[in-house]
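All remarks here apply to the structure that follows.
This structure is a prediction, so every number in the text was calculated from the model and none was measured. Below, chains carry the letters A, B, ... as their sequence lines are ordered, and counting in each starts from 1. Worth knowing before you read on, the calculation uses all heavy atoms, side chains too, and leaves out hydrogens, waters and symmetry mates.
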Amino acid sequence: MNLEQYASVYPPRSLDPGAQVTRIGPSPTGKAHIGTALQAVINRSIAEQTGGVFLLRVEDTDQERLVVGAYEDLIAALAWMGSIPDEGGKLGGTYAPYVQSQRLEIYQAAAKSLVEQGHAYYCFCTAERLKMVREKQEALKQPTMYDRHCRNLAKDEVETRLAAGEAAVIRLKVPDQTQIRFNDLVRGEIVFDSSTIDDSVILKTDGFPTYHLAVVVDDHFMGVTTIVRGEEWIPSTPKHVLLYQAFGWEMPRVVHTPILRDMSRRKLSKRSGDTSITWYRIQGYLPEGLRNFLTRIIWVHPEGKDVYDHQDFVKLFRPEDLPNTGPVVDMQLLDFVNGQYLRQLTTAELYAAVVGYLHFLIDLKQEIAFDVFAASGTSTRFVYTQDQLVQYLKAFTKDADYTQKVLALEPERFKRLSDVILNTPYYFPALFQPASAALLSKPLGDPEKAVTALKEYLLVYAQSDDHTAWEAKVRELARTTNLKDGKVFMTIRIAATGSEQTPPLFEILQILGETEVRRRFQLAIHSIISAVN
RNA sequence: GCCCCCAUCGUCUAGAGGCCUAGGACACCUCCCUUUCACGGAGGCGACACCGGUUCGAAUCCGGUUGGGGGUACCA
C-alpha cells in the first residue's frame, strides 16, 4: 500500500467538536517510570474532560533495548493507577495495531513517499564514517551534525547502490535557511533556525523507523489531536514540524510537561530507586494518593487545596495551566497527601487495603525495603524478608475483628500502608518482642523501681476498669510508691508494647486483654530481674 | 562546543504594572492539649537570582548576566 491508501484504512475519527485524542507512547525498555504515570494521568484527564480518547501506543522501534516484561509492568502500573487507556497496546482498537513494530510497512511507505517528493534522501554512510565526522566536529568544537554527505547523491547512483543491496538509511532533508516554529501551549511560540537541525535518520537500515517518523505518522493516522509529552522532546519537535509539513498534514496541538526532579533538583534518578511506579506501590502509597500528589505538583487547585477529588482535576485542568519549571518530587508532601487519603478509609477498608498490600509484597518474592523520609531529605530504610512479611500477614489476618480494633485506635498515625506494618507488630502476641531490661528501666532510671512499679501495677490491674478508674489507680500507685506518674505510665507502656511510642495506653491494654497483659508484665519483670542478677 | 527551555520561601506554588511591608500548603521550629507518639489548636522562621532599562510606579514588561534543566544517536 502507498501512503494515500493508508488514509482510507485509517479514516478520521468522528468525535464531537472539541473532543481531544491524546496518547502516551512509552517504550518498553524497563520498569514503568513515574514520569509515564504523570503523562498518563494528564492525557487520560484531557481525553475524559473533552469526551475524547486516550490511547496507548507501544513505541518499540529500538529492538536492541527491548526488555521482556516491560509492557506487562506498564499495564499493571497503569491499572493500579487507574489510568487505563481507551484503546491501544494489546487492547486493540479501530486504528490497530498500536504497536510500532507491527506497523513497519506504514513507516516504510511514508519514508519512501518523502524521498519521492524530495523531503528525504537515502544515506549510505557507515557507522565508522559517522563517528569520524562527529569526532572531528567535536575536536573543532563545532556542532555535531551529519555532514550531509549523501544529501545530493545522483538518483542513478542511489538506485544502483540500493539494487546492489548496500545498507542505507533514510534521512530527513532539512531545508536551508528557514525558521521552524511551533506553538507550545504553555511556552508560546518556539523558534528554531533550520541550520541547527540535523538531517536525522527517519528510517534505519533494519527497516524500523526512528521515533520522529513513527510518532508523526502514528499521531496522524490515529487521529491524535493533543500531544502532551515530556520537555525533553522540545528540541526534536522542529523535526516533527518539518515532517508534518512534508506530508501536508495538520500538526496536533502540543504541550510539554516539565521533567520531574529529585530534592537536589536533578532529573529523578534511578539510583535512589524512586523512579518506578512499582517502587511507590511497594512503599505503601495508595494509587489515589500518588495520583493526587502527581497532579498536585503540576497543577494548582482553584481553591488552593492540596487534597482534592480527582474529578476536580479532570474537570478543571487545562493543558495551558502546566508549569514550565520542573517540579521536585518531595516525599514529605507525598506522605502528607497520601496520609490524607489513608485517613479517609474506614477501618474495614484500611484492613482490606493492608491485606491486599501484603499479598502484593509477598508475591514480589523478594526482600522489601521501606524508606521512611524525614526532614532534610534523609531517609531510614527498613528491610523485611519474605518470611517476616508472611509471618506478619498471618498474625494480621488471624482475627480480623481484633486487627480492626487495632487499626481503629489511631488511623491518623499512618501515612502509608507500610506504616501499619512498621508500627503494629506488638499488638499481635505472635509478633510481640519484649523490651530489653535497659529500656524497661529507662523511664524510672532504676531497675528496682521499674520492677516495683510493674509488680504494684499487676496488683491493682483489673481489665474491667474503665478509663477513669484505671488512670486513678495508676496515679495512686505512683503516689504511694513515690514515683513520678509520667514515668510509671511510660514503664507500663514499654512493658505492654516494647515501644516508647504508642497510641493511648488504656486502649491498648483493653485490646490486648487480661491474659496477654499479665503475660507481658511477667515477662518484663523477669527480664529486668535476670538482667540485674 | 552548539541549540532549546526555565528562574517567587527548603519544596509545590498564588501573583497576569499599583490590592504585595509578596498570600497559601508541605516541611521545619516554638507553645498549647497530653501518660509517650500521632492528631488537633495558636504562633514563628522563610523567597521575588543579579544588573540595566521602560514606567509616576515592576515580582509582574524588555535586554543582558548568572544559575539550573533538557537536547545534541541508525535511543526513545
Within this structure, what is the [atom1]-to-[atom2] distance between [X] and [N], rounded to whole angstrom?
X         : N       : atom1 : atom2 : answer
Trp299(A) : rU13(B) : CH2   : P     : 13 Å
Glu232(A) : rC4(B)  : CD    : C1'   : 13 Å
Arg129(A) : rC74(B) : CZ    : C1'   : 14 Å
Tyr107(A) : rC74(B) : OH    : P     : 19 Å
Asn338(A) : rA27(B) : CG    : C1'   : 17 Å
Asn292(A) : rC12(B) : CG    : P     : 17 Å

For atom [atom1], what is the distance between [N] and [M], given to the nearest Å?
N       : M       : atom1 : value
rG15(B) : rC20(B) : C1'   : 9 Å
rG40(B) : rA22(B) : C1'   : 29 Å
rA76(B) : rG71(B) : P     : 14 Å
rA42(B) : rC6(B)  : P     : 40 Å
rC50(B) : rG67(B) : P     : 15 Å
rC2(B)  : rG17(B) : C1'   : 37 Å
rU30(B) : rG69(B) : C1'   : 38 Å

Decide whether a cation-pi geometry holds between Arg520(A) and Phe432(A); the criteria are a distance under 6.0 Å from NZ or CZ to the six-membered ring centre and an angle within 45° of the ring axis.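 The answer is yes, since Arg520(A) meets both limits relative to Phe432(A).
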
Tell me whether the OP1 or OP2 atom of [N] has a side-chain N or O from [X] closer than 4.0 Å.
X         : N       : value
Arg65(A)  : rC74(B) : no
Lys305(A) : rU13(B) : no
Thr325(A) : rU13(B) : yes
Lys487(A) : rU36(B) : no
Arg261(A) : rG69(B) : no
Arg343(A) : rC39(B) : no
Asn423(A) : rC37(B) : no

Take the angle between the ring planes of His212(A) and Trp233(A) and call it parallel below 30°, perpendicular above 60°, tilted in between.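 Geometry flag for Trp233(A) against His212(A): perpendicular rings.
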
How are the rings of Phe317(A) and Trp299(A) set to each other: parallel, tilted or perpendicular (split at 30° and 60°)?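 Taking Trp299(A) first and then Phe317(A), their aromatic rings stand perpendicular (interplane angle over 60°).
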
Does the aromatic ring of Phe336(A) sit over the six-membered base ring of rC26(B), closer than 5.5 Å centre to centre and tilted less than 30°?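 Stack criterion not met.
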
Residue [X], side-chain heavy atoms: nucleotide from [options] that is nearest:
X         : options                   : result
Val328(A) : rU11(B), rC74(B), rA76(B) : rU11(B)
Thr144(A) : rC4(B), rU72(B), rA76(B)  : rU72(B)
Arg413(A) : rA27(B), rA14(B), rA38(B) : rA38(B)

From Arg129(A), Lys136(A), Gln137(A), residue fulfilling side-chain hydrogen bond (donor to acceptor under 3.5 Å, both in side chains) relative to Asp147(A):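 Result: among Arg129(A), Lys136(A), Gln137(A), Arg129(A) is the only option passing the side-chain hydrogen bond (donor to acceptor under 3.5 Å, both in side chains) with Asp147(A).
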
Asp199(A) and side-chain hydrogen bond (donor to acceptor under 3.5 Å, both in side chains): which single residue from His149(A), Arg151(A), Arg171(A) fits?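 Output: one option passes, namely Arg151(A).
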
Residues Arg23(A) and Glu59(A) bridged, charged N to O under 4.0 Å: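 Result for this pair is no, no salt bridge flagged.
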
Between the side chains of Glu476(A) and Lys473(A), is the shortest nitrogen-to-carboxylate-oxygen separation below 4.0 Å, so that they form an ion pair?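 Looking at Lys473(A) and Glu476(A), the cut-off is not met.
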
Pick base, sugar-phosphate or nothing for [X], based on heavy-atom distances below 4.0 Å to the nucleic acid.
X         : answer
Ile190(A) : sugar-phosphate
Ser499(A) : nothing
Trp470(A) : base
His212(A) : nothing

N/O donor-acceptor pair, side chain [X] with base [N], under 3.5 angstrom:
X         : N       : value
Thr205(A) : rC74(B) : yes
His301(A) : rU13(B) : no
Arg296(A) : rC12(B) : yes

Hey, which sits more toward the 5' end of RNA chain B by its nearest nucleotide, His467(A) or Phe124(A)?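 Here His467(A) is the residue nearer the 5' end.
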
With RNA chain B as reference, determine whether Glu189(A) or Glu500(A) sits nearer its 5' end, using the nearest nucleotide of each.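 Looking at the nearest nucleotide for each, Glu189(A) comes out on the 5' side.
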
